[in-house]
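Down below is the structure, laid out as structure tokens.
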Amino acid sequence: MNEYSVGSFNPCGTKITSEPSFSILFDAANSVLAKPRALVDTKAASHQPLFAKQGNAFQDVARQITALSAQPRPSELPVADEAHAPTLEEELFEATAAAKILTSQVAMYLDATWRKKIFSQIDSLHDVSEWEKGDAPLRSESFSTFLKALFLLRPSVRPGLGLSMRGYLIAAWTSNEKRLTIEFLPKDKVRWVASISSEGETEYAASEMTVSKLRGRLEPYAEAGWIGK
Amino acid sequence: MSSTNEFRQYKHPPITEAVIGVVFESNVDAGVVNKAQKKLEKAYPNHQQLRQIKMQFKVAHSAVDATKEFNEEDVGHRRSTNDQAEIAILQRNSITISQLAPYVGWDAFSQRFKRDWSLVKGVTGFRTIKQVGVRYINRVDIPFEGEGVRIGEYLTATANVPDGFGPLSGYSVSAEVRMTDIHCVLRLNTGAVPSPLPKCVSVILDLDLIRTEDVPQSDGDISEILEVMRDRKNAFFEASITQKARELFANERI
């Protein structure tokens with residue numbers, strides 16, 4: 001049995017279990033734990049961690065362990081802050097791009113047509129030629145809450161989308177008698193207003209809550225299709 | 001290895017990002033890289049500069065002698081489609097083609113790589129390659145009611161901890177598997193992540209297959225090895241999940 005296989009000490013001094021829970025073969029010769037015997041001195045007075053020492057062998061071990069950790073995703077590599085303050089066009093592009101990348105995290109569950117429609121609406125809301133000075137572009141925290149709400153409500157009737165002055169996404173459904181508006185806030189919060197008109201009277205309801213409670217609260221105010229199965 | 005046709009075609013594959021990457025032996029001139037990225041403008045209309053931040057601290061006995069240095073350096077180009085689903089990244093030593101969800105299938109994705117590779121090579125000329133890689137970042141979303149889920153019912157590549165001491169509230173596993181028959185190393189990173197979906201436990205299964213030995217240099221050989229690597233990645237993925245997980249990939253879309 002190889003001296004550095006299961007049952008030996010690893011560089012950090014923790015004993016590896018002699019009864020591995022995995023049945024796969026551990027290749028000691030090529031592992032990050034393989035090292036010349038001289039580097040393992042269990043009688044040393046000092047208990048310095050292996051990586052504190054100098055020398056190529058130790059750097060190799062550290063390098064191999066670093067290599068095990070996940071490399072950043074290409075989609076998440078940092079882009080440059082421009083030397084100048086971003087133009088309005090750049091700012092609006094960043095906001096819409098962030099929302100689209102967020103959508104990609106759940107795109108495997110989204111109908112392709114609706115995904116395109118959402119993107120089209122977001123682009124339209126950020127049309128630089130119609131932008132109001134002082135308004136904030138779409139905040140990704142708000143869009144994240146919107147995506148969660150979609151999965152909870154599963155509407156078959158798609159809402160119209162709007163944007164508040166603070167950059168919070170708004171979804172709205174209307175029918176002859178009912179109206180429902182939801183504003184998506186950061187940290188999975190939503191603020192909604194519903195109205196029902198009947199026999200010449202209009203009844204209103206409003207609340208602010210976490211998105212996880214939305215479905216149960218809205219069911220009395222929703223038309224068919226606003227909340228799916 | 002089995003043909004790709006033998007692997008399952010899922011209705012909604014759990015792929016969040018698929019990547020093909022090539023690393024050169026030596027850096028390409030920054031001006032040449034800039035010229036190459038412009039060739040991709042038609043396919044990827046949006047351009048952003050990539051940056052790298054370097055910080056260096058020199059610690060000395062005296063505060064007077066201690067120094068710090070902070071540099072921000074432009075290191076490459078990121079090009080993307082309007083829906084941000086297709087990304088191409090050019091750096092002085094690499095080209096990376098990325099596909100975000102929704103995944104379009106290997107045929108379309110690999111064709112895109114070949115197209116972009118050809119365009120870039122047309123500007124850079126032949127460069128010795130030191131690494132080719134195929135990486136698939138999957139996310140398995142497991143719905144739960146009540147206290148939680150047994151990850152082991154969905155994934156075979158997971159953390160193993162003793163039973164009876166309380167539920168697992170988080171984990172992360174990194175492992176490296178040497179596949180000597182194809183001169184590749186597979187880096188597996190898996191672990192629980194915050195879920196973008198309500199009432200779900202999400203687990204990342206990040207499979208990164210790289211080849212740094214006997215690296216192909218011709219376009220034909222590169223295409224061939226990418227197919228082999230993709231097949232092997234598929235086999236590993238299928239071995240990492242259970243039938244219960246596969247049933248999740250057939251759920252209806254909204």
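In the text below, chain A, chain B and the rest are named by the order of the sequence lines, each starting its count at 1.
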- Message: Quick check for you: to the nearest 0.5 Å, what is the distance between B/Asn82 atom CG and A/Ser120 atom OG?
- Response: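 Interatomic distance, B/Asn82 CG to A/Ser120 OG, rounded to 0.5 Å: 11.5 Å.
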- Supply the atom-to-atom distance B/Gln84 CD to A/Ser75 OG, rounded to the nearest 0.5 angstrom. 9.5 Å
Please flag which part of [X] lies under 4.5 Å from any non-hydrogen atom of chain B: side chain, backbone, both or neither.
X	value
A/Ser144	neither
A/Leu150	both
A/Phe119	side chain

- Heavy-atom donor-acceptor pair, A/Lys100 side chain to B/Ala85 backbone, under 3.5 Å: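 No, A/Lys100 side chain to B/Ala85 backbone: no donor-acceptor pair under 3.5 Å.
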- Message: For residues 148-159 of chain B, which residue pairs pass the salt bridge (Lys or Arg N to Asp or Glu O under 4.0 Å) check, not counting sequence neighbours?
- Response: B/Glu153-B/Lys244
- Would you name the heavy atoms of A/Glu94 and B/Gln48 that are closest together and state the gap between them? OE2-NE2, 3.0 Å
- Grab the two heavy atoms, one from A/Pro74 and one from B/Glu17, that are nearest each other, plus how far apart they are. CD-OE2, 3.4 Å
- Item | B/Ile204 versus chain A, the contacting section by heavy-atom distance below 4.5 Å |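 For B/Ile204, the side chain is the part near chain A, not the backbone.
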- Message: How about CD on A/Glu219, more than 12 heavy atoms from neighbouring residues, nucleotides or ligands closer than 6.0 Å, or not?
- Response: yes
- Query: For atom CZ of A/Arg217, is the number of surrounding heavy atoms from other residues, nucleotides or ligands below 6.0 Å larger than 12?
  - Reply: no
- Item | Contact winner vs chain A - B/Asp141, B/Ile87, B/Ile15, B/Val19, heavy-atom pairs under 4.5 Å |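 Heavy-atom pair counts peak at B/Asp141.
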- Message: Heavy-atom pairs under 4.5 Å with chain A: which of B/Gly21, B/Pro196, B/Ser172 has the most?
- Response: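 Of the options given, most contacts go to B/Pro196.
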- Task: Side-chain contact test, heavy atoms from C-beta onward, threshold under 4.5 Å: evaluate it for B/Thr16 versus A/Gln105 and give yes or no.
- Result: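 In contact.
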- Task: Just jot down the side-chain hydrogen bond (donor to acceptor under 3.5 Å, both in side chains) partners of B/Thr212, sequence neighbours excluded, or say none.
- Result: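 Result, side-chain hydrogen bond (donor to acceptor under 3.5 Å, both in side chains) vs B/Thr212: none returned.
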- Step-by-step side chain to side chain contact (heavy atoms under 4.5 Å, CB included) determination, A/Lys148 to B/Leu197: CA-CA 6 Å; A/Lys148 285 186 180 163; B/Leu197 303 178; over 6 Å; no
- Below 4.0 angstrom, N of the basic side chain to O of the carboxylate: do A/Arg115 and B/Asp83 qualify? yes
